[in-house]
Number of protein chains: 4
Amino acid sequence: MLWCNLVTDGDIPSGPAKKGRPFSDATERAILAATAQLLEEKGLADISIEEVATRARVGKASVYRRWPSKGTLALDAFEAEFIARQPPPDTGSLRGDLTAALRAWVRTVNDTPMGRTLRGLIAEVQRDPALREIWRERFVTPVRAQHRLIVERAMARGEISPATDPEIILDLAFGAGYHRLLNGHAALDDAFVKKVVTVLLAATGASGG
Amino acid sequence: MLWCNLVTDGDIPSGPAKKGRPFSDATERAILAATAQLLEEKGLADISIEEVATRARVGKASVYRRWPSKGTLALDAFEAEFIARQPPPDTGSLRGDLTAALRAWVRTVNDTPMGRTLRGLIAEVQRDPALREIWRERFVTPVRAQHRLIVERAMARGEISPATDPEIILDLAFGAGYHRLLNGHAALDDAFVKKVVTVLLAATGASGG
Amino acid sequence: MLWCNLVTDGDIPSGPAKKGRPFSDATERAILAATAQLLEEKGLADISIEEVATRARVGKASVYRRWPSKGTLALDAFEAEFIARQPPPDTGSLRGDLTAALRAWVRTVNDTPMGRTLRGLIAEVQRDPALREIWRERFVTPVRAQHRLIVERAMARGEISPATDPEIILDLAFGAGYHRLLNGHAALDDAFVKKVVTVLLAATGASGG
Amino acid sequence: MLWCNLVTDGDIPSGPAKKGRPFSDATERAILAATAQLLEEKGLADISIEEVATRARVGKASVYRRWPSKGTLALDAFEAEFIARQPPPDTGSLRGDLTAALRAWVRTVNDTPMGRTLRGLIAEVQRDPALREIWRERFVTPVRAQHRLIVERAMARGEISPATDPEIILDLAFGAGYHRLLNGHAALDDAFVKKVVTVLLAATGASGG
DNA sequence: TCGTAACCGAGACGGTACGTCTGGTCTTTTT
DNA sequence: AAAAAGACCAGACGTACCGTCTCGGTTACGA
């Protein structure tokens, strides 16, 4: 879960025995817990690393030793919980899967503090190019991969034309959601989900129409 | 153009003759010019009001007197130039109008520093609830109103079903664009524009085809 | 009293009217009062600028704007009070003047917290070459000048040989005092003063006795 | 040479045979060498224990296991070399002995990096009461004992009155030197030595004058 | 020959303070 | 009363060290 571990993946199976005192799990857990707690209380922008360290009863250096920036820390504290709320649906139909996925997303950002955190993270990502890449690797890519399965399964079933670009479908469906989340110009509710799914099915659903 | 003027609209046509030295146009222009210049040089997040005032050879108070926050100032410096690059298209067809509008947006954010500024503004908007409302009033609403005309004209022409929700069409088309702009997970090019338009036309053109 | 003022002396009688908000006297007084208060409580080494600012209810920058280092600040807080306790004696005899001056010094460092502060300042001076120069200009030189008068008056009276180097007399008399103050290897009391004066008078009184 | 050894003296001749791995001489030597090297490069105040350990390729704990503070470590690294340069003079006359001793001291602090180290140690001693006691025991007392011999021999020879307090003579002679060393207000050269000796001989040398 | 106790280098631990920067406000003199 | 200038309080930034602790590993003694 630690940021630096995830970047280096598990590509060094036989380490040459690292020296020095190892990182403490308790410290790491305390930092992530404090971060998660603060993210429930206020927006990412209103949180300082100083505050996280104080809340976690941890030295500031112990935070900086593990995470290079507030954004990567928040990403770690946010990621697991968010992903857990986006189960890969498999209802047997494109309509069902897409509705389920979009609805899960909508409910998460609407009904939990994760909506605010997600907005804060996207904002943070815009101000830190390094974080942007991590964000794509650690959040955008995995979530999209899961959602892409929905479209690919539909293609395999013949529900949508094989000429369709799955990426565009994903960008349309979730892009609309993020658009409303960030601007707040319209509601993110079940009606929104239904309309989006309907339009996209009409567009792609040669066999489904 | 001044932020406070725009909020109060022009609803005080006959002021009771205000006392004291009036605001200096030169000061205002210097501040906006400095802001625009800095926005070309770096992201909004890397700009401080202190720096704007120094660059404009103006006191900090003269900035705060006019704009309550960095976001509103940046919005003012950004708005006019951005809108000027989004001409209301009228090609006679939904496909043509939508392609033109989306392409104008894509080219603006791709080929000018305004892409970065737009990202910075959206980020800023997430950390300042007051700015969020102004952002909707001053940017989201007018731009969407212009784009909505495209859909409404298409409806009037019978190109799309009157049951279609124009808002959803706009959110799908531009939401996808903003999604790629903010995450950077895929290209924002003419191919993107073409695919988006194709999918949306297929979706809405049921009655028209 | 302000550090930077004292360096530039009063050699700019007609300033060209400086711009901006001037330094606040209240702020300066609060900082010096907090420093003096802390110096009564503990040694200079145990005081941090952070603590001074907090105690003075002042921003850290307001301290750094005026004093470049903890040492210069402490010097300012210490100087006036110390000098006030070293009145220029004029008893009419070398023995009387020297005894009075040395006794005043001994009592100050023995009976007041200024002894500890003086030790702390001398320590601080060793670790900061810039402070060392200021220390000489602002403390060593003026105090020595006052004490040198004692020797010069004695010379004028014929009490000591004109061949005597007044500097050596001062270094012997007060050097011995500082030596005991810093090392603590022997008492700093009236007996010490008496013995020092006796030895020095015996040494210099060849022509007088 | 090790700090803790010196404090406990050799008063436990028959230890109960201590268990565990004994201290490594190589480690101790590496630490002292690194300290001495750093003291040649910069002042004691600019050296951190962290740096000593790194330079000595030694764990920080191995330093703290042997010395309780930076001051005691520096004292150990400094002491032997300094003492070696202060040979007990025995020229047969007070003038000769005093001149030799003071000159040796002046040359050491003037011509070697030990002058700066001595200043740094005296500064360190002011901020650490525990170190102050050690400083007296380990440095002030032995050096003074050696110098006191000079005065006592002169008394035995009848060069100075038996009523003279040898302590005062030492404080006058070396106090003046330390005064100039710490304040830097006047030169520490042979002329200084000569003048000091002349004054003190005149003061005490009833039989010598 | 085996614990076991204390050492070894390395480096993480919770802390404190550093000196700088920015935010938004306040106080000058000048226009 | 607005202008430019810049000081005001507040507090976060990321770094450097403090003195302690925890690793895996290495000696040397006593059982």
Side-chain angles (χ1 to χ4, degrees), chain A residues 17-24 26-28 30 46-54 56-66 68-70, chain B residues 18-24 26-28 30 47-51 53-54 56-70, chain C residues 16-24 26-28 30 46-54 56-66 68-70, chain D residues 16-24 26-28 30 47-54 56-70:
Chain A
K18 48 196 168 181
K19 292 186 175 183
R21 180 172 173 177
F23 281 177
S24 155
T27 298
E28 187 177 321
D46 295 329
I47 295 174
S48 67
I49 291 197
E50 200 121 24
E51 197 179 8
V52 170
T54 303
R57 300 179 153 282
V58 141
K60 268 203 288 181
S62 293
V63 180
Y64 283 111
R65 224 173 267 129
R66 291 173 167 80
S69 62
K70 187 170 70 171
Chain B
K18 44 195 168 176
K19 291 184 178 180
R21 179 173 170 178
F23 277 1
S24 156
T27 298
E28 187 178 321
I47 296 173
S48 65
I49 292 201
E50 200 118 25
E51 199 178 8
T54 303
R57 301 180 153 282
V58 140
K60 269 204 292 180
S62 294
V63 179
Y64 281 110
R65 217 173 276 128
R66 292 172 167 82
W67 291 276
S69 64
K70 186 169 74 170
Chain C
K18 46 197 167 176
K19 294 186 173 181
R21 179 174 174 177
F23 280 177
S24 157
T27 297
E28 188 178 322
D46 296 328
I47 295 174
S48 67
I49 293 199
E50 200 121 25
E51 198 179 8
V52 170
T54 302
R57 299 181 156 280
V58 141
K60 269 201 289 181
S62 293
V63 179
Y64 282 110
R65 220 174 272 126
R66 290 172 168 81
S69 63
K70 187 169 71 170
Chain D
K18 47 197 167 174
K19 290 187 179 181
R21 180 174 174 178
F23 279 180
S24 156
T27 297
E28 188 178 322
I47 295 174
S48 65
I49 293 201
E50 200 121 23
E51 198 179 7
V52 170
T54 302
R57 299 181 154 282
V58 140
K60 271 202 290 180
S62 292
V63 180
Y64 282 109
R65 224 173 269 130
R66 291 170 168 81
W67 293 275
S69 64
K70 186 169 71 169

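Just so we're on the same page: letters track the sequence lines, and every chain starts at 1. Every heavy atom of this structure was used, including side-chain atoms; hydrogens, water molecules and symmetry mates were not. Only a predicted model underlies this, so the values are computations on that prediction, with no experimental measurement involved.
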Tell me the closest heavy-atom pair linking B:A56 and B:A30, and the distance in Å. CB-O, 3.5 Å
Rounded to whole angstrom units, what separation is found between the CD atom of B:E51 and the P atom of E:dT20? 18 Å
Both C:I49 and D:T54 contact DNA chain E. Which one's nearest nucleotide lies toward the 5' end? D:T54
Atom OH of C:Y64 to atom P of F:dA10: distance rounded to whole Å? 17 Å
Spacing between C:K70 atom NZ and E:dA17 atom C1', to the nearest angstrom: 10 Å
Annotated protein contacts, base or backbone, on nucleotides 4-9 of chain F with a non-hydrogen cut-off under 4.0 Å, one of B, S, - each: SBBBBS
Qualifying residues under salt bridge (charged side-chain N to carboxylate O under 4.0 Å, His left out), relative to D:K70, sequence neighbours excluded: none
Atom pair OG/CZ of D:S24 and D:R66 - distance to nearest 0.5 Å: 6.5 Å
Shortest non-hydrogen contact from A:A53 to A:V63? CB-CG2, 4.2 Å
State, to 0.1 Å, how close B:S62 and B:T27 come at their nearest heavy-atom pair, and which atoms those are. CB-CG2, 4.2 Å
Applying side chain to side chain donor-acceptor pair (under 3.5 Å), can you list everything that pairs with B:E51, at least two apart in sequence or on another chain? B:K42
